[in-house]
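Right, one structure below, let's go through it.
Start at 1 and go down the list; that is how both ligands and their atoms are numbered.
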Amino acid sequence: MKEYWQEELETMKRPDLEKLQVERLKKTVELAMNSPFYGNIFKERKITPESIKSLEDLQRFPFTVKDDLRSHYPFGLSSVPLEKVVRLHSSSGTTGNPTVILHTQKDLDEWANQVARCMYMVGVRNTDVFQNTSGYGMFTGGLGFQYGAERLGALTVPAAAGNSRRQIKFIMDFGTTAVHAIPSYATRLAEVFMEMGIDPRKDTKLKTMFIGAEPHSEEQRKRIEQLFGVKAYNSFGMSEMNGPGVAFECKEQNGLHIWEDYVIVEIVNPVTLEPVKDGEIGEMVLTTINREAMPLFRYRTRDLTCIIPGDCPCGRTHRRIARIKGRSDDMMIVKGVNIFPIQIEKILMNFKELGMNYLITIETIENNDEMLVEVELGDTVRVDDYALLQNLTKAITHQLKDEILLTPKVKLVERGTLPQSDGKAVRVKDLRKNH
Ligand code: COA
Ligand code: AMP
Ligand code: ZN
């Protein structure tokens with residue numbers, strides 16, 4: 001069994017690590033010249049592998065944004081022939097096309113290595129039983145953690161999302177020691193444990209939890225640790241950067257090591273796009289330097305964080321980012337699903353029976369995050385036409401679920417009931433405790 005404490009890489013001296021980054025950046029440029037998207041940009045800007053001398057040269061690259069991925073959907077950013085691509089993952093865009101990320105077999109192997117490295121860092125071994133409550137399929141938290149844990153040699157339980165009682169039965173029957181769950185779902189799971197009269201602190205073998213995929217506070221982490229009697233580690237990932245494994249907390253639980261042999265990290269002011277100093281909050285910008293099928297240069301993640309200054313006592317030299325503080329766009333994350341308000345608006349506006357005014361409220365109800373979509377009726381609908389209202393509510397709910405992958409509660413209200421606002425309407429009320 002290969003060990004996943006990759007000491008040589010994880011504790012590399014900074015000058016050596018930066019040298020490795022430059023080498024990998026050159027290689028990545030060479031690959032990306034084949035992509036229709038970057039090929040043109042590189043020609044215009046005279047970017048060639050030979051012209052890359054230091055990390056400073058990264059400043060010659062333009063930023064890449066989510067819209068670039070959408071407008072070159074599905075294969076316009078591919079750097080390799082499609083015969084070499086073995087998997088794609090897709091996540092929701094704002095409107096129109098989703099975004100697509102392509103992987104070669106080597107990309108998938110490297111990704112599994114990254115996740116295995118993260119899990120090993122906090123003590124998971126091949127003797128552990130690992131249960132994953134992420135959605136599988138397109139959600140990268142599913143297959144991402146799955147392959148990482150298998151690579152480590154842990155016994156893996158791909159339980160997938162939902163069905164909390166069954167999750168708990170698995171935890172009990174299989175002697176699960178480590179669980180991956182988004183923080184809001186961890187709290188829900190704790191409640192179901194309680195309903196079943198089982199104390200996860202005493203009656204299970206749980207010792208480690210991986211929590212991520214949505215913003216959460218230190219207080220929420222502590223609460224999860226107390227509820228389950230585990231250590232809970234913050235896991236950061238995003239589909240555009242493969243998925244989980246990008247940055248992960250070590251046992252110090254003080255910031256997430258971002259694997260700099262895989263990505264080059266910059267933190268910039270989201271307005272001026274100028275770099276900010278270590279310790280200052282800005283938008284994280286990432287460049288992949290170990291991916292073949294679809295390299296991304298200076299990708300604007302929209303996630304707000306900072307580099308934690310100083311060395312980590314664990315000895316790893318890869319820098320640490322602070323927990324994510326928010327976003328520089330209006331993306332919401334509900335039940336681990338990314339949603340842009342415009343996706344909801346687009347559906348609502350297709351119903352001729354509806355007016356223009358709507359309000360999205362997100363609330364934690366009985367430890368479950370719920371989304372309520374209130375929308376005003378148009379002039380043509382009578383508010384006492386119950387049969388019509390019922391059918392309409394059903395149809396809207398159905399279409400919304402297709403678009404945003406979770407079930408909102410839809411409430412049709414009389415015209416003039418919702419608050420009106422001049423100019424930029426306040427469309428989203430997020431009442432969740434940890435947001
Ligand atoms: N992860 C796992 N299970 C979740 C969850 C989450 N993020 N959010 C809710 N659930 C559970 C609920 O507790 C419920 O199970 P229970 O009633 O047995 O306790 C079940 O899923 C259905 O939830 P509900 O709120 O009724 O359904 P929905 O239609 O609104 O949402 C989900 C459907 C939960 C399946 C969908 O939102 C999903 O797949 N979320 C997971 C996304 C994910 O994995 N993201 C990580 C990316 S790295
Ligand atoms: P996805 O592409 O669906 O995996 O979603 C990625 C987004 O989820 C990121 O850009 C972040 O906004 C959010 N996210 C992922 N991990 C975390 C985390 N640990 N803390 C806060 N937000 C996170
Ligand atoms: Zn550390």
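In this structure, A213 counts as a contact residue of ligand 2, since one of its heavy atoms falls inside 4.0 Å of the ligand. Within the structure, the closest approach of S91 to ligand 2 does not fall below 4.0 Å when heavy atoms are considered. Heavy atoms of Q167 stay at 4.0 angstrom or farther from ligand 1.
When hydrogens are left out, the protein atom nearest atom 3 (O) of ligand 2 is N338 ND2, 3.0 Å; that is the closest non-hydrogen contact. Protein heavy atom nearest atom 5 (C) of ligand 1, with residue, atom name and distance: Y185 CD1, 3.7 Å. Annotation: atom 2 (O) of ligand 2 to nearest protein heavy atom, S239 OG, 2.7 Å. For atom 15 (C) of ligand 2, the nearest non-hydrogen atom of the protein is G237 O, 3.2 Å. Nearest protein neighbour of atom 12 (O) of ligand 2, counting heavy atoms only, is D303 OD1, 2.6 Å. When only non-hydrogen protein atoms are considered, atom 15 (O) of ligand 1 lies nearest to N163 N, 3.4 Å.
An angle of 110° is found at the Zn ion (ligand 3) between C250 atom SG and C312 atom SG, rounded to 10°.
Remark: among candidates H89, M238, E214, the nearest residue to atom 21 (C) of ligand 2 is E214, based on non-hydrogen atoms.
Contact annotation: for I333 versus ligand 2, heavy atoms closer than 4.0 Å belong to the side chain alone. When non-hydrogen atoms are compared, ligand 2 lies under 4.0 Å from neither the backbone nor the side chain of R302. Here I182 has side-chain heavy atoms under 4.0 Å from ligand 1, and that is the only part of it that gets that close. At a heavy-atom distance under 4.0 Å, atoms from both the backbone and the side chain of K335 approach ligand 1. The proximity of L405 to ligand 1, defined as any non-hydrogen pair under 4.0 Å, is limited to the backbone.
At under 3.5 Å, not a single nitrogen or oxygen of V337, backbone or side chain, sits near a nitrogen or oxygen of ligand 1. In terms of polar-atom proximity, T407 is counted as a contact of ligand 1, with an N or O under 3.5 Å from an N or O of the ligand. Ligand 1 has no nitrogen or oxygen under 3.5 angstrom from a nitrogen or oxygen of F139. Considering backbone and side-chain atoms alike, S164 places an N or O below 3.5 Å from some N or O of ligand 1.
Checked against a 6.0 Å centroid threshold, the rings of F297 and F63 do not count as neighbours. Taking the six-membered ring for Trp and the full ring otherwise, F248 and F210 have centroids separated by under 6.0 Å.
Near K401, with a cut-off below 4.0 Å to any heavy atom, the atoms of ligand 1 are 29 (O).
In the model, S91 has a side-chain atom that pairs as donor or acceptor with a side-chain atom of T99 under 3.5 Å.
A parallel orientation is assigned to the rings of W111 and H103, their planes being inclined by less than 30° (bins at 30° and 60°).
With salt bridges taken as basic N to acidic carboxylate O contacts below 4.0 Å, none links D303 and K325. In summary, R320 and E249 do not engage in a salt bridge, as defined by a charged side-chain N under 4.0 Å from a carboxylate O.
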